[in-house]
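Encoded as structure tokens, the structure appears first; notes follow it.
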Protein chains: 2
Amino acid sequence: MVTKEQVIPEFVCPVTALLELIGGKWKPVILYCLRDETRRFGELSARMPSISRKVLTEQLKQLESDGLVVRVQFNEIPPRVEYSLTDLGRSLAPVLQAMERWGSTHLSNPKH
Amino acid sequence: MVTKEQVIPEFVCPVTALLELIGGKWKPVILYCLRDETRRFGELSARMPSISRKVLTEQLKQLESDGLVVRVQFNEIPPRVEYSLTDLGRSLAPVLQAMERWGSTHLSNPKH
DNA sequence: GTAACAAGTAACCTTTAGGTAACTAGTAAA
DNA sequence: TTTACTAGTTACCTAAAGGTTACTTGTTAC
């Protein structure tokens with residue numbers, strides 16, 4: 001006897017969900033780099049030299065598939081690819097600003 | 001010849017620094033559980049049954065050592081331990097609220 | 001013909017986060 | 001004498017995140 005499947009919608013903490021988008025070691029920095037400029041891959045890489053190109057590529061792909069960033073590819077030689085924020089990405093600004101403010105005032109900066 | 005060591009203070013992104021405190025799978029949920037109540041370990045565990053006790057202990061220890069939570073131990077048998085937010089922990093409320101609001105409005109809840 | 005250019009990819013490795021299951025301590029109640 | 005109680009700890013495992021180094025691609029400039 002097959003009973004009708006009861007789909008129990010699991011509660012998803014919205015904060016945890018948000019952290020899945022912008023958490024991780026580098027995503028906030030990347031979003032900051034793009035906050036009001038379109039930038040090429042190489043430019044991003046040059047501004048964040050601590051991020052390996054592999055990781056930068058990965059993070060950008062995730063940000064893109066989460067709808068926070070757009071990737072535009074020009075079919076030129078040598079290749080050119082430009083990244084910028086989407087509206088959704090820009091809508092994060094106040095949240096990131098609140099986080100930044102808390103971090104700046106409560107976390108003594110020159111640590112480590 | 002020993003040259004004087006030049007300590008170059010590395011820039012620490014305040015957002016990334018904040019995420020080190022409240023990032024991770026469970027910390028926001030724990031902070032939410034403690035937002036206006038002191039709670040015993042068993043109470044927290046009962047309210048968040050998906051978190052194993054080992055992980056709950058670990059996360060609470062980190063929150064405590066980061067100054068967001070206080071742990072008060074009563075030397076009774078059977079043991080009693082109470083957790084609550086510090087002032088610093090409470091000061092996170094507006095930040096978490098901003099994150100929660102963004103998550104609720106932009107992330108369709110019944111996902112997964 | 002060889003090097004430079006940008007934007008990656010591939011193969012591989014290490015560290016960290018998170019998870020499971022079983023065990024511990026000291027006392028009181030059955 | 002065994003069980004229950006609370007707040008953990010121990011040993012072990014797996015998956016994910018992040019990192020390094022070398023390679024690729026097609027065209028142009030030397």
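Letters go in sequence order (proteins before strands), and every chain restarts at 1. For the numbers below, each heavy atom of this structure counts, side chains included, while hydrogens, waters and symmetry mates do not.
Phosphate contact (OP1/OP2 of dA17(C), side-chain N/O of Gln59(B), threshold under 4.0 Å): absent. Contact between the side-chain N/O atoms of Arg39(A) and the OP1/OP2 oxygens of dA6(C) is not found at any separation under 4.0 Å. Applying the 4.0 Å criterion to OP1 and OP2 of dA7(C), one finds that Arg40(A) has a side-chain N or O inside that range. Taking 4.0 angstrom as the limit, Lys61(A) places none of its side-chain polar atoms (N or O) nearer than this to OP1 or OP2 of dG8(C).
As rounded to whole Å, 16 Å separates atom C1' of dT27(C) from atom CZ of Arg80(B). Distance Glu82(A) CD to dA6(C) P: 14 Å, rounded to the nearest Å. Distance Trp26(B) CH2 to dA17(C) P: 16 Å, rounded to the nearest Å. Atoms CD (Glu58(A)) and P (dA7(C)) sit 18 Å apart, rounded to a whole Å. In this structure, the CG atom of Leu60(B) is 13 Å from the P atom of dG18(C), given to the nearest Å. As rounded to whole Å, 14 Å separates atom C1' of dA7(C) from atom CZ of Phe74(A).
A donor and an acceptor atom sit less than 3.5 Å apart, one in the side chain of Lys54(B) and one in the base of dG19(C).
Of all nucleotides in DNA chain D, those with any atom nearer than 4.0 Å to a heavy atom of chain A start and finish, going 5' to 3', at dG18(D) to dT27(D).
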